[in-house]
Structures are given as C-alpha cells and as structure tokens.
Enquirer: 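Quick one: this structure, given as structure tokens, is what I'll be asking you about.
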Protein chains: 2
Amino acid sequence: MDNESIRVFAPATVANVACGFDVIGLAMDAPGDEMIMRRSDKPGVTITAVHGASLSTDPAQNVCGVAIQALLQKYGQPDVGIELELFKNIPPGSGIGSSAASSAGAVVGANHLLGNPFTPKQLVRFAMEGERLASGAAHADNVAPAIMGGFTLVRSYKPLDITGLHTPADLWVTVIHPQIEVKTSDAREILKQKVLMTDAIRQWGNVGALVAGLYQENYDLISRSLEDAIVEPVRAILIPAFYELKVKCKEAGALGGGISGSGPSVFMLSRGEEAARKVAAMMDTVYAPLGVDYKIHVSQINREGVKITKA
Amino acid sequence: MDNESIRVFAPATVANVACGFDVIGLAMDAPGDEMIMRRSDKPGVTITAVHGASLSTDPAQNVCGVAIQALLQKYGQPDVGIELELFKNIPPGSGIGSSAASSAGAVVGANHLLGNPFTPKQLVRFAMEGERLASGAAHADNVAPAIMGGFTLVRSYKPLDITGLHTPADLWVTVIHPQIEVKTSDAREILKQKVLMTDAIRQWGNVGALVAGLYQENYDLISRSLEDAIVEPVRAILIPAFYELKVKCKEAGALGGGISGSGPSVFMLSRGEEAARKVAAMMDTVYAPLGVDYKIHVSQINREGVKITKA
C-alpha cells in the first residue's frame with residue numbers, strides 16, 4: 001500500500017446564484033478548506049485533527065468522515081482505511097459552502113488515493129451525504145461546483161442530474177461575509193410554499209437567460225438575468241443593509257448578485273479583477289459604519305474544482 | 001420609387017416549449033405563411049387579398065396591417081405605402097403561431113422594402129402589435145422565433161429582452177394539429193395563479209438545463225429537460241389522447257415535447273429526420289382511430305427566420 005500523503009484544496013462555493021435558487025452554484029478560487037490525506041492501515045476513516053474550527057474528529061459526526069464512509073461503502077473493500085487532517089479555512093455558517101468544501105475535498109482526495117475509481121457524479125453523491133449530516137438535507141448545489149468547478153446546474157434530484165455550465169474566464173466574484181448567524185433551517189422556514197405564476201415565469205426566464213449569457217459570454221445578459229423575484233425579497237431582511245449593499249455594488253460596477261446560499265454572505269459578480277476589487281471596496285464602505293464584523297473575499301471563478309497536490 | 005415585388009416566407013413556430021412556458025419558442029421550416037409585397041403609391045397599408053383563410057383585408061383588422069402600421073408609424077414618413085397579398089398556409093387557431101407568422105412576415109417584408117432601417121428586436125416589437133390584435137396580448141414567444149429563427153428566449157417584457165439560443169443542426173420537430181378548437185383565452189383561464197415552490201424550482205432547473213443542452217448539443221440533456229411540471233398537467237385535458245401520444249412518441253424515439261403554444265397542436269423534438277418521421281408515423285397510429293381530423297408536420301428547426309425572395 002502506498003502511504004504517500006496528498007494535499008487537498010477544496011474551494012468555497014456560492015449556491016442559489018440569484019434566479020437559480022436551489023439549482024445554480026459556482027466555485028471560488030479562494031478561500032478553501034485544506035486537507036492532508038493518506039491511506040491508512042486502520043480500516044474506515046480516521047480524522048487525526050481539525051484545525052481552525054471546533055468540529056468533531058469522530059468520523060460519524062464530521063462531514064468528511066460521513067462523505068468518505070459513503071464512498072468506501074460503495075468501494076466495497078472493508079479493509080481500506082483513509083486518514084485525514086482537516087484545516088478549516090471557511091467558517092461554518094458563512095453561506096459559502098463550508099461543509100460542502102470539506103465533503104467535496106474529502107471524497108475527491110479519497111478517490112485519488114484509491115486510484116480514481118469513481119466519476120465526478122458519483123463523488124457528488126458521496127459528498128451529498130456530508131451535506132445531509134451538516135444541514136439535514138442532502139443537497140448538491142454547493143458540492144457540485146466544489147467538485148466540478150465553474151458554474152453548475154442541478155436539474156433534478158430524482159434522478160440526480162447535474163451539468164457543468166460554460167464559465168467565462170473573465171468572471172470574478174466578490175463575497176462579503178457578515179459575521180452574524182443565519183441558520184439554513186430558519187432561512188428555509190420563512191420561504192413561502194407557493195409562489196405567483198407570474199413571478200415563477202419571470203424567474204425561469206432569468207434562469208434560461210443566465211445560462212445563455214454564460215455560454216454567449218454576454219456579460220450584459222448575465223447582468224440583466226441576475227435577478228431573484230422569489231427568494232431574495234423574503235430573505236433579504238436576514239442580512240444587514242442588503243439592498244443598500246446591492247445597489248451600491250452595482251453602481252460600483254458589479255454585474256449583479258444576491259444572497260449566497262441561505263446567507264448571511266452576499267455575492268456580487270463582476271467582469272474582471274479590477275471591477276471585482278472596486279466592488280470589494282464598496283462593500284467595505286457600506287459595512288464599515290454598521291458595527292458588524294465582516295470579511296470580504298475577491299476571487300476569480302474557480303474552473304477546476306477540488307485540487308490535489310503532493311503534500 | 002422601386003415597385004419591385006418580393007415574396008416572403010414566414011415560418012410556423014412553437015411557443016411554450018415544455019418547461020419554457022411563456023419564454024422559449026422555436027421556428028419550423030414548414031409550414032409557413034407566404035406574402036407578395038411591394039411599395040405602393042397609396043400611403044399606409046393595402047391588403048389586396050387573403051387566400052386560404054377568411055380573414056379581413058381591412059388593415060386595421062388584419063394582423064399584417066396592424067404590424068406594418070406600427071412599423072410605418074415609427075418610420076415617420078406619412079406618404080409611404082406598402083401593399084400586400086397574403087397566402088395563409090397556417091390555419092388560425094392551430095397553436096403553431098398562425099397570427100405570429102403573418103405579423104412577422106409582414107414587418108420583415110416591409111422593413112426590406114424600406115431598405116432595412118429597423119433591427120430584428122424592433123421588428124419583434126412591431127409584430128407584437130399584430131399579436132395584440134389576434135389574442136389581446138402583445139406576446140413575443142411566437143414572433144421572436146419567427147423573425148430570428150432557431151430557439152429564442154424572452155427573458156422579460158418590461159423591458160423587452162429577447163435572446164437567440166444556439167440551435168443544434170440535427171434537431172427536428174414533429175407537430176400534430178388536431179382540428180379541434182382551443183381558444184388561447186380559455187387555455188389561459190384554467191391556469192392557476194399560484195404554483196408550488198417545489199414545482200417552480202423543478203421548472204427553472206429544467207429551463208436552465210434545456211438551454212445548456214442546446215448549447216452543449218447534448219441531446220440526452222435536452223430530452224431530460226423537456227418536462228413541464230406546471231402548465232401541461234392543467235392543459236393536457238384540452239387535447240385528445242395527449243398522454244398516450246406523448247408516451248408513444250417517446251417510445252418511437254422522440255426526445256420529448258409537449259403542447260405547442262396553448263394547443264391544440266402537440267410538438268415532439270427528435271434528433272434527425274428519420275427519428276422525426278418515425279414520430280410522425282406514431283402520431284398517425286395514435287390519432288387514426290380517434291375520429292378527429294388532424295394534420296402532421298415534420299420539419300427541421302428553422303434557423304434563419306422569415307425568408308425573402310424575389311417574386
């Protein structure tokens with residue numbers, strides 16, 4: 001058995017990209033969780049340490065452990081062991097796919113150590129088990145972009161149907177993470193069970209146009225499509241100064257954006273790094289007087305997903 | 001003034017392409033309305049004759065007249081006259097864009113006779129006035145594909161925002177037109193004003209995937225995305241043997257399909273002419289015993305829109 005260590009980088013992700021609520025996500029170049037992983041003589045998953053967040057090292061209580069366990073079960077060789085040390089750089093509860101990054105990194109790393117027996121789609125399934133532990137729902141809208149990179153679309157869960165979308169090279173994302181707590185379960189509870197047909201039609205017109213805009217590399221069309229008539233109006237109240245932030249960021253040159261995942265992070269897309277940095281400066285201007293701690297990330301769209309290097 | 005005549009071919013179209021209710025349409029190579037048009041010394045619009053359907057030759061009561069009138073008003077030269085003879089090949093009420101073809105052909109023809117002063121998007125606006133006369137609503141989901149060709153997406157009406165979508169060359173459409181009457185107004189009345197959030201999400205996942213499938217030329221993804229969880233279940237009752245038709249056509253090789261416009265026509269997409277013709281044969285098998293008159297059309301997707309030749 002080869003006991004060589006690998007280093008895994010698993011990117012943060014933005015789910016619920018505006019109109020694409022529950023279906024469209026994207027990956028960031030930074031921040032990301034990191035892991036050192038190797039094969040182990042001890043069967044099953046061993047988590048030797050977690051740095052940067054107080055998370056359990058019990059594999060049954062850690063998304064990395066649960067996700068790898070799902071992979072190993074499918075792999076079907078009971079003596080196989082995977083050892084992992086986790087460096088959490090994405091704070092849990094930030095709304096940029098903290099648990100998804102850990103789950104995604106863990107399964108891509110384990111797959112690599114086993115000689116890549118599984119397809120990306122299978123890896124998404126395993127990582128979704130980590131999401132089930134983290135939030136109670138095995139959703140794919142963060143793990144899919146974390147594993148595949150770029151923009152991804154979850155067409156359906158039954159059966160699971162995920163496709164990568166063309167991702168223009170010059171697209172950047174700026175994210176502000178206000179250090180307040182928004183529970184995914186709370187954010188989901190305030191959603192309405194029914195929506196107006198007219199709003200729903202507007203939403204799927206925007207989703208179609210956003211996908212077309214990505215393929216056409218038509219930044220104006222992308223900008224016009226980044227609209228959410230259904231979820232944002234309900235959830236915006238959870239985020240301090242949301243509308244001011246959105247208006248000012250667009251004035252500063254952002255194409256558009258919205259709530260990342262179920263918040264509290266807010267993302268803005270821009271064409272090019274310079275614009276993305278101007279948007280970051282504007283976020284700073286809006287948030288500085290609020291008396292809320294926050295962190296701002298500027299990143300190109302990550303187009304390769306989880307990355308593995310030698311440790 | 002040049003009094004040379006032109007011959008205009010304006011294609012039939014399918015609106016409400018499955019999940020893309022109210023937003024995605026496509027153009028057919030056949031059937032289509034035809035027109036002979038020329039500049040005239042008599043200011044305004046003159047309709048010399050309508051063949052193939054009992055429609056008014058009064059320009060204010062004919063979609064061609066109304067659409068050209070909207071164009072001339074914008075053109076702003078009161079002495080300009082356009083003369084038109086209309087050959088209706090698409091039966092009114094068929095659900096494959098009969099009024100849209102006439103409106104689209106009329107404005108593209110008039111624009112040509114004036115030296116093409118207007119953009120396709122402006123022409124769509126003028127043609128929408130014809131649609132307003134025909135159905136009471138100035139919708140664009142038939143006139144946009146009729147003018148632009150291929151698949152089109154109407155992202156928004158306020159402001160009007162239309163984009164052409166990539167259209168794979170090997171995509172064909174088979175349409176059956178049962179000769180029964182379904183009024184657009186009735187078909188719209190039975191729609192619910194509110195829809196379940198879960199259904200709406202499923203719908204916009206499908207819309208995004210359909211657009212991605214068109215750009216990827218991924219016929220399997222197109223097939224899986226041709227699903228309508230919202231409108232089809234309500235309107236299917238208006239069309240004899242709808243579900244049997246759909247199931248059997250898919251068994252015969254269709255990628256999928258649905259109700260064309262507000263019915264009664266039903267469309268099925270296929271990869272390649274051979275498959276489209278097998279689907280046509282299956283439509284015939286299903287409909288022959290029903291005691292309803294019907295007509296079946298097999299056509300490649302039209303990728304150029306309205307076509308002008310010398311008369």
Enquirer: Side chain from CB out, backbone as N, CA, C, O: work out which of these in A/V211 comes under 4.5 Å of a heavy atom of chain B, or both, or neither.
Expert: both
Enquirer: Between A/R155 and B/E227, which heavy-atom pair has the shortest distance, and what is it?
Expert: NH1-OE1, 4.3 Å
Enquirer: Evaluate the ring planes of A/Y215 and B/Y215, with Trp represented by its six-membered ring, and classify them as parallel (under 30°), tilted (30 to 60°) or perpendicular (over 60°).
Expert: parallel
Enquirer: Short question: side chain of A/R224, backbone of B/S156 - any donor-acceptor pair under 3.5 Å?
Expert: no
Enquirer: Quick check on B/L214 against chain A: is it the side chain, the backbone, both or neither that has a heavy atom closer than 4.5 Å?
Expert: neither
Enquirer: Is there a donor-acceptor pair closer than 3.5 Å between any side-chain N or O of A/W204 and the backbone N or O of B/F21?
Expert: yes
Enquirer: Of the backbone (N, CA, C, O) and the side chain (C-beta and beyond), which part of B/L196 lies under 4.5 Å from a heavy atom of chain A, both, or neither?
Expert: both
Enquirer: In Å, rounded to the nearest 0.5 Å, how long is the span from CE of A/M197 to CG of B/D199?
Expert: 10.0 Å
Enquirer: Give me the atom names and distance for the closest heavy-atom approach of B/L165 to A/A212.
Expert: CD2-CB, 3.6 Å
Enquirer: Quick one: which of A/G205, A/C19, A/P159 has the most heavy-atom pairs under 4.5 Å with chain B, could you say?
Expert: A/G205
Enquirer: What is the distance from atom CZ of B/R202 to atom NZ of A/K158, rounded to the nearest 0.5 Å?
Expert: 10.0 Å
Enquirer: Can you tell which part of A/L210 gets under 4.5 Å to a heavy atom of chain B, answering side chain, backbone, both or neither?
Expert: neither
Enquirer: Please say whether more than 12 non-hydrogen atoms of neighbouring residues, nucleotides or ligands are located less than 6.0 Å from NZ in A/K121.
Expert: yes
Enquirer: Using non-hydrogen atoms and a 4.5 Å limit, figure out which bit of A/L153 sits close to chain B: side chain, backbone, both or neither.
Expert: side chain
Enquirer: Can you tell me which portion of A/D161 sits under 4.5 Å from chain B's heavy atoms? Options are side chain, backbone, both or neither.
Expert: side chain
Enquirer: Any chance you could measure A/I162, atom CD1, to B/L221, atom CG, to the nearest 0.5 Å?
Expert: 12.0 Å
Enquirer: Quick one: does any side-chain atom of B/Q216 pair with a main-chain N or O of A/T163 as donor and acceptor, under 3.5 Å?
Expert: no
